[in-house]
Amino acid sequence: MNTDGKIISSYKFPSPNPNVTLSMVTYYSGGLKVKGLLAKPVEGDGFDGFLYLRGGIKNVGQVRPARIAQFASEGFVVFAPFYRGNRGGEGNEDFAGSDRQDAFAGYELLKACPGVNKVHIFGFSRGGVMALLTAIQYPDAASMVTWGGVSDLALTYMERKDLRRMMKRVIGGTPAKFPGRYRYRTPLYNLEQLESPVLIIHGEKDKNVSIEHSLRLEKRLNELSKPVTSWYFQEYTHYFPPAMNRRVVKDLTKWMKSQAQK
């Protein structure tokens with residue numbers, strides 16, 4: 001019996017927003033017990049699900065409760081996997097390898113939540129790859145958003161000298177030595193199966209994840225006649241200033257809701 005996405009336990013977690021409840025959840029993913037954060041609006045029911053896929057690895061780019069509550073306050077049930085091996089979860093993160101299962105199981109968890117209608121997928125930074133892989137796996141996703149998102153793992157290896165040691169350790173070597181392992185983690189090669197409308201958000205001055213990742217993704221989606229919308233911001237880096245960040249959150253959640261109505 002497939003138990004992926006089944007909640008094993010959950011307990012209330014302090015919420016930074018009085019209009020949102022937070023729960024620390026342990027759930028099954030590929031036979032492992034993995035942790036994540038679940039957020040729900042206090043008032044109302046019948047919300048869409050929002051799968052939040054974080055960036056970074058290990059302690060870099062951890063899920064922030066305030067960020068999750070921010071998205072939930074826009075009228076979504078939000079689930080953010082921590083990925084295996086983090087915050088007491090079993091297993092080891094492997095940068096869009098087998099840990100993609102944690103995102104897939106998170107999607108199943110949201111689909112099983114009482115009152116959840118459609119499910120949207122969101123990825124930030126490294127979460128962009130996770131979001132694309134999940135949208136390919138689940139063509140019924142209402143929409144998919146990638147913000148400052150990675151789309152090509154070999155390109156990340158080339159651009160980020162500071163990440164090479166970690167990538168060689170986690171993936172097992174370089175793109176030259178193991179092209180298949182990098183290709184497996186690069187969703188650009190499997191976009192034929194993607195059915196969800198895609199929104200791409202990227203700051204053109206991003207030094208963490210270059211805009212080239214988004215341009216490659218957009219080009220490939222256009223070649224395949226897949227629905228894609230791009231919001232490029234000339235003046236911003238990987239992190240947008242707080243006021244603009246809030247505005248983009250409002251705009252992207254509005255965009256998601258408009259896709260769900262189609």
Visitor: What distance separates Trp231 CH2 from Leu252 CG, expressed to the nearest 0.5 Å?
Guide: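 It is 6.0 Å, given to the nearest 0.5 Å.
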Visitor: Does Thr134 use its side chain to pair, donor to acceptor, with the backbone of Phe104 at less than 3.5 Å?
Guide: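 No; judged by distance alone, with no hydrogens or angles, the pair does not exist.
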Visitor: Any heavy-atom pair between the side chains of Trp147 and Val248 that's under 4.5 Å?
Guide: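 The answer is yes, as the side chains (C-beta and beyond) meet within the 4.5 Å cut-off.
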Visitor: Would you name the heavy atoms of Ala103 and Leu51 that are closest together and state the gap between them?
Guide: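 Minimum heavy-atom contact is O-CD2, 3.5 Å.
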Visitor: Do Arg100 side-chain atoms and Gly97 backbone N/O form a donor-acceptor pair below 3.5 Å?
Guide: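 Judged by distance alone, yes, a pair lies under 3.5 Å.
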Visitor: Taking it one step at a time, do Phe76 and His120 satisfy ring pair (Phe, Tyr, Trp, His ring centres under 6.0 Å)?
Guide: CA-CA 9 Å; Phe76 292 90; His120 304 262; 5.7 Å; yes
Visitor: Is there a donor-acceptor pair closer than 3.5 Å between any side-chain N or O of His202 and the backbone N or O of Val209?
Guide: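 It does hold such a pair.
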Visitor: Between Asp152 and Tyr157, do the side chains contain a donor N or O and an acceptor N or O under 3.5 Å apart?
Guide: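 No, no side-chain donor-acceptor pair sits under 3.5 Å.
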Visitor: Going by atom types only, do Glu108 and Tyr138 share a side-chain donor-acceptor pair under 3.5 Å?
Guide: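 Their side chains do contain a donor-acceptor pair, which is all the 3.5 Å distance test asks for.
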Visitor: With a 3.5 Å distance limit and no angle check, can you tell me whether Ser15 reaches the backbone of Pro18 through a side-chain donor-acceptor pair?
Guide: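 Not a single qualifying donor-acceptor pair exists.
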Visitor: Decide side chain to side chain contact (heavy atoms under 4.5 Å, CB included) for Leu132 and Leu194; before the verdict, give the C-alpha distance in whole Å, the side-chain angles of both, and the deciding distance to 0.1 Å.
Guide: CA-CA 8 Å; Leu132 284 162; Leu194 188 142; 4.0 Å; yes
Visitor: Where do Phe178 and Gly173 come nearest, in terms of heavy atoms and distance?
Guide: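 Of all heavy-atom pairs spanning Phe178 and Gly173, the closest is CD1-CA, 3.7 Å.
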Visitor: Using the ring centroid of each side chain, check whether Phe79 and Tyr27 are separated by less than 6.0 Å.
Guide: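 Phe79 vs Tyr27: aromatic centres under 6.0 Å.
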Visitor: Taking Lys205 first and then Glu235, would you say they form a salt bridge - that is, a charged N and a carboxylate O separated by under 4.0 Å?
Guide: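 Judged by the 4.0 Å cut-off on N to carboxylate O distance, Lys205 and Glu235 do not form a salt bridge.
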Visitor: For Asp45, look at atom CG and say whether over 12 heavy atoms of other residues, nucleotides or ligands are found less than 6.0 Å away.
Guide: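 For Asp45, atom CG is not crowded (no more than 12 foreign heavy atoms under 6.0 Å).
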Visitor: With a 3.5 Å cut-off and no angle check, do the side chains of Asp102 and Ser29 form a donor-acceptor pair?
Guide: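 Side-chain D/A pair, Asp102 to Ser29: present.
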Visitor: Asp140 vs Lys118, test: side chain to side chain contact (heavy atoms under 4.5 Å, CB included). Steps then yes/no.
Guide: CA-CA 8 Å; Asp140 64 338; Lys118 299 178 178 181; over 6 Å; no
Visitor: For Phe122 and Phe71, take the angle between the two ring planes, folded into 0 to 90°, and tell me which bin it lands in: parallel under 30, tilted 30 to 60, perpendicular over 60.
Guide: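 Tilted.
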Visitor: Keeping the roles fixed (side chain from Ser196, backbone from Ala141), state whether a donor-acceptor pair exists under 3.5 Å.
Guide: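 Yes, the answer is positive, given that a donor and an acceptor are paired below the 3.5 Å cut-off.
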Visitor: Nearest 0.5 angstrom please: Leu38 CG to Leu109 CG, how far?
Guide: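 Taking CG in Leu38 and CG in Leu109, the distance rounds to 6.5 Å.
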Visitor: Just how far is it from atom NZ of Lys6 to atom CG of Asn2, taken to the nearest 0.5 Å?
Guide: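 These two atoms lie 12.0 Å from each other.
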Visitor: Please examine the side chains of Leu153 and Ile171, heavy atoms only from C-beta on, and report whether any two atoms are closer than 4.5 Å.
Guide: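 Ile171 vs Leu153: side chains touch.
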Visitor: Would a hydrophobic clustering, with Ile, Leu, Val, Met, Phe, Trp and Tyr connected at side-chain separations under 4.5 Å, put Ile136 with Leu221?
Guide: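 Yes; Leu221 is reachable from Ile136 via cluster members.
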Visitor: Do Leu191 and Val228 land in one hydrophobic cluster if side-chain heavy atoms of ILVMFWY residues count as linked below 4.5 Å?
Guide: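 In one cluster with Leu191: Val228, yes.
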Visitor: Looking at Leu22 and Pro14, what are the two nearest heavy atoms and their distance?
Guide: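 Between these two residues, the closest heavy atoms are CD1-O, 3.6 Å.
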Visitor: What's the shortest heavy-atom distance between Pro139 and Gln193, and which atoms?
Guide: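 For Pro139 and Gln193, the tightest heavy-atom pair comes out as CB-O, 4.2 Å.
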Visitor: Applying a strict under-4.5 Å side-chain criterion to I, L, V, M, F, W and Y, I'd like to know whether Tyr28 and Val119 cluster together.
Guide: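 In one cluster: no.
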Visitor: Quick check: does any side chain N or O of Arg185 sit under 3.5 Å from a backbone N or O of Arg181, one acting as donor and the other as acceptor?
Guide: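 It does hold such a pair.
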Visitor: Is Glu212 salt-bridged to Lys219, going by a charged N under 4.0 Å from an acidic O?
Guide: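 No.
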Visitor: Dump the intermediate steps for side chain to side chain contact (heavy atoms under 4.5 Å, CB included) on Ile68 and Val63, then the final yes or no.
Guide: CA-CA 8 Å; Ile68 305 312; Val63 171; 3.5 Å; yes
Visitor: Mind checking whether Leu53 and Ile121 have side chains closer than 4.5 Å, heavy atoms only?
Guide: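 Side-chain contact under 4.5 Å: yes.
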Visitor: Is the backbone of Lys250 close enough, under 3.5 Å, to the side chain of Thr253 for a donor and an acceptor to pair up by distance?
Guide: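 Here the side-chain-to-backbone pair exists.
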Visitor: Which pairs count as side-chain hydrogen bond (donor to acceptor under 3.5 Å, both in side chains) when at least one residue sits in residues 32-44, sequence neighbours excluded?
Guide: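 Listed by first then second residue: Thr26-Lys35.
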Visitor: For the backbone of Met158 and the side chain of Arg164, can you confirm whether one donor and one acceptor N or O come within less than 3.5 Å of each other?
Guide: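 Present.
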Visitor: If every non-hydrogen atom of Phe240 is compared with every non-hydrogen atom of Met244, which pair is closest and at what distance?
Guide: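 Smallest interatomic distance, heavy atoms only, reads CD2-CG, 4.0 Å.
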Visitor: Is it the case that one hydrophobic cluster holds both Phe124 and Val78, taking links as side-chain heavy atoms less than 4.5 Å apart, direct or via other members?
Guide: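 Linked within one cluster.
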Visitor: What about Val198 and Ile211, same hydrophobic cluster or not, with Ile/Leu/Val/Met/Phe/Trp/Tyr joined at side-chain heavy-atom distances under 4.5 Å?
Guide: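 Yes: a chain of side-chain contacts under 4.5 Å links Val198 to Ile211.
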Visitor: Any side-chain donor paired with an acceptor under 3.5 Å for Tyr232 and Glu218?
Guide: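 Distance-only check passes for Tyr232 and Glu218.
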Visitor: CD/Gln261 to CG/Asp48 distance, rounded to the nearest 0.5 angstrom?
Guide: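 Between Gln261 CD and Asp48 CG, I get 9.0 Å after rounding to 0.5 Å.
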Visitor: Do Asp99 and Arg126 meet the salt-bridge criterion of a basic N to acidic O distance under 4.0 Å?
Guide: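 Counted as a salt bridge, because a side-chain N and a carboxylate O are separated by less than 4.0 Å.
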Visitor: Going by atom types only, do Asn245 and Arg67 share a side-chain donor-acceptor pair under 3.5 Å?
Guide: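 Yes, Arg67 and Asn245 have a side-chain donor paired with an acceptor closer than 3.5 Å.
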Visitor: Do Thr146 and Ile201 have side chains that approach each other closer than 4.5 Å (heavy atoms only, starting at C-beta)?
Guide: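 Answer no - side chains too far apart.
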Visitor: Fit a plane to each ring of Phe50 and Tyr52, take the angle between them on a 0 to 90° scale, and name the class: parallel (under 30°), tilted (30 to 60°) or perpendicular (over 60°).
Guide: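 Correct class here is parallel.
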Visitor: Dump the intermediate steps for side chain to side chain contact (heavy atoms under 4.5 Å, CB included) on Thr237 and Glu204, then the final yes or no.
Guide: CA-CA 6 Å; Thr237 63; Glu204 292 185 15; over 6 Å; no
Visitor: Can you name the nearest heavy-atom pair linking Ala69 to Asn17, along with the distance?
Guide: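 Smallest interatomic distance, heavy atoms only, reads CB-CB, 4.1 Å.
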Visitor: Look at the side chain of Asn19 and the backbone N and O of Val42, then say whether any donor-acceptor pair between them is shorter than 3.5 Å.
Guide: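 Absent.
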Visitor: To the nearest 0.5 Å, tell me how far Glu93 CD sits from Met166 CE.
Guide: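 It is 8.5 Å, given to the nearest 0.5 Å.
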Visitor: Is any side-chain heavy atom of Met167 less than 4.5 Å from a side-chain heavy atom of Phe95?
Guide: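 SC-SC contact between Met167 and Phe95 confirmed.
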Visitor: Please tell me if the side chains of Pro65 and Phe13 come closer than 4.5 Å, counting only heavy atoms from C-beta onward.
Guide: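 They are in contact (side-chain heavy atoms under 4.5 Å apart), so the answer is yes.
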Visitor: Is there a side-chain contact between Ser143 and Leu199 (heavy atoms, below 4.5 Å)?
Guide: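 Ser143 does not reach Leu199 side chain to side chain.
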Visitor: For residues Phe82 and Leu37, determine if any side-chain heavy atom of one lies less than 4.5 Å from a side-chain heavy atom of the other.
Guide: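 Phe82 reaches Leu37 side chain to side chain.
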Visitor: Distance alone, cut at 3.5 Å: any donor-acceptor contact between the side chains of Arg84 and Gln101?
Guide: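 There is no such pair between these side chains.
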Visitor: Taking Tyr83 for its side chain and Gly36 for its backbone only, find out whether a donor-acceptor pair lies under 3.5 Å.
Guide: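 No, Tyr83 side chain to Gly36 backbone: no donor-acceptor pair under 3.5 Å.
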Visitor: Hey, could you give me the NE2/CG distance between His238 and Asn208, rounded to the nearest 0.5 Å?
Guide: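 Rounded to the nearest 0.5 Å, the NE2-CG separation comes to 4.5 Å.
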